[in-house]
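Below you'll find the structure, written out as structure tokens, and then a few comments.
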2 protein chains.
Amino acid sequence: MTTIQDLAADRGIPDPPLLRGSNQSGMRAYNERLVLSLVRRDGALSKSDIARMTGLSAQTVSVIMRSLEADGLLARGEPVRGKIGQPSVPMSLAADGAYFFGLKIGRRSVDLVLIDLLGEPVALRRQTYRYPSPDAVVEFVSKNLPALTETLSAEQRQRIGGLGVAMPFQLWSWAQHIDSPPGALDLWQDFDIATELSALCEMPVYVQNDATAACGAELVFGTGDRPQDFLYFYIGFFIGGGLVLNGKLFPGRTGNAAAVGPLPVPGPDGRMRRLMTIASLSTLADGLQEAGVNPDQLWEMPGPWTIPAYVLDRWIAGAAEGLASATLSAATLIEIDTVMIDGWMPSDIRDRLVEATNAAFLGLDLAGVTLPVIRAGTVGPRARELGGAAIPLSQRFLVD
Amino acid sequence: MTTIQDLAADRGIPDPPLLRGSNQSGMRAYNERLVLSLVRRDGALSKSDIARMTGLSAQTVSVIMRSLEADGLLARGEPVRGKIGQPSVPMSLAADGAYFFGLKIGRRSVDLVLIDLLGEPVALRRQTYRYPSPDAVVEFVSKNLPALTETLSAEQRQRIGGLGVAMPFQLWSWAQHIDSPPGALDLWQDFDIATELSALCEMPVYVQNDATAACGAELVFGTGDRPQDFLYFYIGFFIGGGLVLNGKLFPGRTGNAAAVGPLPVPGPDGRMRRLMTIASLSTLADGLQEAGVNPDQLWEMPGPWTIPAYVLDRWIAGAAEGLASATLSAATLIEIDTVMIDGWMPSDIRDRLVEATNAAFLGLDLAGVTLPVIRAGTVGPRARELGGAAIPLSQRFLVD
DNA sequence: AGATAATTAAATCACTCTGAATTATTATTG
DNA sequence: CAATAATAATTCAGAGTGATTTAATTATCT
């Protein structure tokens with residue numbers, strides 16, 4: 001469990017500029033994680049498939065995969081007959097090879113999920129509130145994390161790999177948009193969530209921006225073709241974004257890359273405004289309020305929602321304009337392949353938003369820009385907490 | 001010389017998704033390049049310094065560095081006395097350890113440079129023209145590349161590592177901005193420069209966008225603190241950009257990342273226009289033309305130029321606005337640390353542009369944005385051809 | 001003289017590679 | 001239909017490579 005980083009941190013060593021030399025054990029560790037990454041991506045692969053894909057010798061792959069099988073991380077499938085030669089034995093990820101916790105701290109709710117090595121949720125806990133407070137979150141975790149752990153057998157518990165926390169950074173900003181008591185959110189400013197949660201459980205704890213985490217979930221658990229580079233939008237109470245470059249999550253220097261909220265985009269009336277003011281669910285909630293409908297349904301679950309058509313239409317149109325404009329910036333600045341849109345919303349609304357964004361994008365001046373594909377995410381509303389859980393999973397078992 | 005990629009291409013094999021396994025020779029190659037990268041970055045380092053920095057054992061570093069010294073890539077310095085213990089022997093890059101060619105194909109001139117392992121130019125050739133044609137470029141290279149090779153001793157010639165070409169992509173676009181005969185630039189569309197030049201010389205040939213290459217020069221040869229992530233502008237006939245993420249050049253899917261030319265930015269009058277129309281030297285040339293001054297001086301050499309103050313002031317103001325706006329997009333989308341501005345211009349004009357851009361940036365709405373440092377590049381006008389030469393250098397001798 | 005730090009030689013260890021053998025199939029042939 | 005050939009997956013044994021460990025040597029300072 002102890003990583004090199006941990007050791008360096010413990011000893012107060014200023015970590016060298018991440019230019020570590022490589023040695024045999026590192027090589028083996030890399031090759032093992034490479035095998036696991038390929039098996040995750042492509043489902044079930046035989047040893048010889050892996051040998052061909054990696055360029056490693058058959059013998060090396062054989063040794064590595066037998067050891068991974070012995071470790072309970074790979075499961076042997078039914079031999080495939082019908083081809084000339086000895087039948088191949090497909091190996092796939094063993095679901096119960098490892099477990100991970102994901103915690104999402106949101107502006108209206110906190111969610112804890114326990115997933116297996118395949119990324120399937122095995123248990124969930126959720127609690128809603130008017131605004132998040134450190135105490136409430138810590139209490140929620142201290143109650144529910146042990147409870148979820150209980151649902152595993154003693155042996156499975158040994159295989160818990162860590163806890164990843166997905167939360168908005170600078171939660172105290174934009175307090176005015178949440179009806180919280182004045183100053184209540186300021187408590188977060190001096191609250192070190194990683195340390196506090198580490199005290200509550202014996203596993204590594206990682207913290208990441210919520211939208212970045214959601215993007216990571218799409219990268220690790222997403223289905224369909226996985227492009228090398230993509231921009232990802234997650235629309236929650238506020239909109240956030242994530243970025244994948246070279247097949248790797250790009251969190252940026254302080255973990256705030258693709259924080260698209262403050263991005264200036266043209267609003268419905270043509271004037272520039274911030275993306276978060278037109279493409280967030282809070283904007284939709286304001287629209288509902290105005291229309292005399294209680295917006296609380298939005299935070300309870302991601303649809304089906306009862307929303308007057310004109311309110312929804314107006315919101316989608318505005319959000320799509322903003323998303324299209326942000327997409328254009330990204331396409332120019334970092335030659336973006338694909339843009340994915342997901343969020344805490346029913347899939348039909350998401351699909352309409354995707355369609356509207358595509359239409360709005362084609363309405364822009366696109367000369368000299370290679371067109372990205374704009375499509376819906378494949379993970380859905382739970383992307384943030386799943387992305388949290390994906391952090392320890394990637395850290396330990398995957399290469400980028 | 002033949003890489004795995006070459007072999008795969010020859011056989012028409014769809015190259016596997018770059019997920020190669022790692023083996024001993026790869027490990028050794030990596031560690032060697034790691035040592036060279038550190039020595040390049042930090043000047044002169046003893047074996048024990050390297051051991052501390054990389055985490056490799058002293059013995060391993062000793063073996064690697066002695067072999068690099070035997071290969072003529074590292075040079076032994078004067079032992080440093082005055083400290084307890086055996087004096088340490090600083091090792092630095094041997095300038096004559098390797099040589100590289102850089103070729104820049106521009107809209108007004110073609111430049112060929114030969115550099116040593118330290119990045120110092122040892123020979124230069126240059127030719128100007130009204131517009132670039134494939135034939136003229138090939139002829140220039142076929143004449144001057146052998147001529148420059150001649151300047152090296154027989155032994156040094158063995159150590160030439162390759163040729164890197166820096167040129168604008170889609171040269172045929174925007175033909176209207178260059179006074180070339182109609183259709184003349186279209187020849188470039190079906191011209192495979194890499195293949196043609198490969199036929200002219202027995203060394204690997206790499207091609208990269210000119211601004212990306214200039215950015216690479218800043219990354220490899222730049223002085224001062226080298227941030228992990230930065231956005232780079234190179235202002236030539238047209239403006240171009242480059243991007244460094246995680247300490248690596250990010251060329252994008254098709255090598256066109258940070259092609260900031262088409263980026264929409266507010267012009268002097270507030271209306272949106274393309275960055276290339278306000279922040280390129282061609283814009284300055286237009287201003288000179290209008291003022292009745294012959295703009296050809298711009299292409300001859302990077303200053304000192306004779307430009308009416310009001311023409312220059314206006315150009316700088318407009319360009320700075322555009323650069324500031326592009327910087328804001330980058331700061332939001334990819335948490336950019338630093339922005340560097342360089343170009344084919346005298347350093348005093350560049351410095352004024354940097355200053356004006358800083359001022360313009362602070363005039364924007366910056367709430368919620370972490371401020372990047374905007375500063376001048378350190379390589380200067382020759383960044384593009386040096387960046388070209390940096391491609392084979394990095395490829396062969398550096399890790400990112 | 002003793003302590004300290006840089007460097008290196010020799011022995012050891014961990015990992016991948018090569019070449020050959022083994023195994024389980026399908027295809028072909030009489 | 002049975003025997004044989006061809007093919008492909010997998011594994012075994014041994015060799016090779018490169019990093020690590022241990023111990024020695026050297027040069028310098030206190």
Side-chain angles (χ1 to χ4, degrees), chain A residues 4 7 19-35 38-39 42 44-71 74-92 399, chain B residues 4 19-36 38-39 42 44-71 74-92 399:
Chain A
I4 289 172
L7 286 172
L19 288 168
R20 311 290 302 176
S22 132
N23 55 21
Q24 283 101 326
S25 40
M27 180 170 73
R28 172 61 176 263
Y30 172 82
N31 287 338
E32 284 185 356
R33 294 188 307 161
L34 178 61
V35 167
L38 290 172
V39 171
D42 295 342
L45 296 167
S46 69
K47 299 188 175 77
S48 48
D49 288 334
I50 297 276
R52 275 186 295 268
M53 296 168 90
T54 58
L56 293 171
S57 72
Q59 170 63 359
T60 297
V61 172
S62 183
V63 169
I64 289 175
M65 291 184 80
R66 271 180 289 166
S67 118
L68 289 174
E69 190 187 358
D71 290 350
L74 287 181
R76 178 174 293 263
E78 268 309 298
V80 176
R81 291 156 215 278
K83 290 181 296 186
I84 299 177
Q86 175 162 332
S88 62
V89 179
M91 308 285 287
S92 39
V399 296
Chain B
I4 289 170
L19 288 168
R20 311 291 302 176
S22 124
N23 54 22
Q24 281 104 324
S25 41
M27 178 171 75
R28 171 62 176 261
Y30 172 83
N31 286 338
E32 285 186 355
R33 295 188 306 160
L34 178 62
V35 168
L36 290 170
L38 290 171
V39 172
D42 295 343
L45 295 169
S46 70
K47 299 187 176 75
S48 47
D49 288 334
I50 297 277
R52 274 186 295 269
M53 295 168 90
T54 58
L56 293 171
S57 72
Q59 170 64 358
T60 297
V61 173
S62 183
V63 168
I64 289 175
M65 292 183 81
R66 270 180 291 164
S67 123
L68 290 174
E69 190 186 358
D71 290 350
L74 287 181
R76 177 173 293 264
E78 269 309 298
V80 176
R81 292 159 211 278
K83 289 182 297 188
I84 299 177
Q86 174 163 330
S88 62
V89 179
M91 309 284 288
S92 39
V399 296

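First the proteins, then the strands, lettered A, B, ... as listed; each starts at 1. Note that the structure is a prediction, hence the values are computed from the model and not measured. Hydrogens, waters and symmetry mates play no part in the numbers below; they use all other heavy atoms, side chains included.
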Grab the two heavy atoms, one from A/R20 and one from B/G55, that are nearest each other, plus how far apart they are. NH2-CA, 3.8 Å

Whole-Å distance separating the CD1 atom of A/I64 from the C1' atom of C/dA14: 12 Å

Give every residue pair that meets the salt bridge (charged side-chain N to carboxylate O under 4.0 Å, His left out) criterion with at least one member in residues 60-69 of chain A, sequence neighbours excluded. A/E69-A/R76

By side-chain contact (heavy atoms from CB on, under 4.5 Å), which residues pair with B/A75, not counting sequence neighbours? B/A94

side-chain N/O B/N23 vs C/dC17 OP1/OP2, d < 4.0 Å: yes

Side chains of A/V39 and A/I50, heavy atoms from C-beta outward: is any pair under 4.5 Å? yes

B/T60: which residues meet the side chain to side chain donor-acceptor pair (under 3.5 Å) condition with it, sequence neighbours left out? B/S57

For A/S92, the side chain to side chain donor-acceptor pair (under 3.5 Å) test, sequence neighbours excluded, returns none

Just to confirm, is there a sub-4.0 Å distance from OP1 or OP2 of C/dT16 to any side-chain nitrogen or oxygen of A/R28? yes

Value rounded to 0.5 Å, distance of CG in B/L68 from CE in B/M91: 8.0 Å

Are OP1 or OP2 of C/dT16 and a side-chain N or O of A/N31 less than 4.0 angstrom apart? yes

On DNA chain D, more 5' by nearest nucleotide between A/P90 and A/S22 is A/P90

Using a cut-off of under 3.5 Å, enumerate the N/O to N/O pairs linking the protein to nucleotides 12-16 of chain D.
unit_1: D/dC12; atom_1: OP2; unit_2: A/R66; atom_2: NH1; d: 3.1
unit_1: D/dC12; atom_1: N4; unit_2: A/Q59; atom_2: OE1; d: 3.0
unit_1: D/dG16; atom_1: N2; unit_2: B/Q24; atom_2: NE2; d: 2.4

Using a 4.0 Å cut-off on protein heavy atoms (strictly under), produce a 5'-to-3' string for nucleotides 3-9 of chain D with B for base contact, S for backbone-only sugar-phosphate contact, and - for none. ----BBB

Among D/dT20, C/dT16, D/dT11, the one nearest B/S57 by side-chain distance: D/dT20

Give A/G82 one of three labels, base, sugar-phosphate or nothing, depending on what nucleic acid heavy atoms sit under 4.0 Å from its own. sugar-phosphate

Just to verify, what does A/S48 make a side chain to side chain donor-acceptor pair (under 3.5 Å) with, not counting sequence neighbours? A/S46

Rounded to whole angstrom units, what separation is found between the CE atom of B/M91 and the C1' atom of C/dA6? 13 Å

Applying salt bridge (Lys or Arg N to Asp or Glu O under 4.0 Å), can you list everything that pairs with B/R28, at least two apart in sequence or on another chain? B/E32

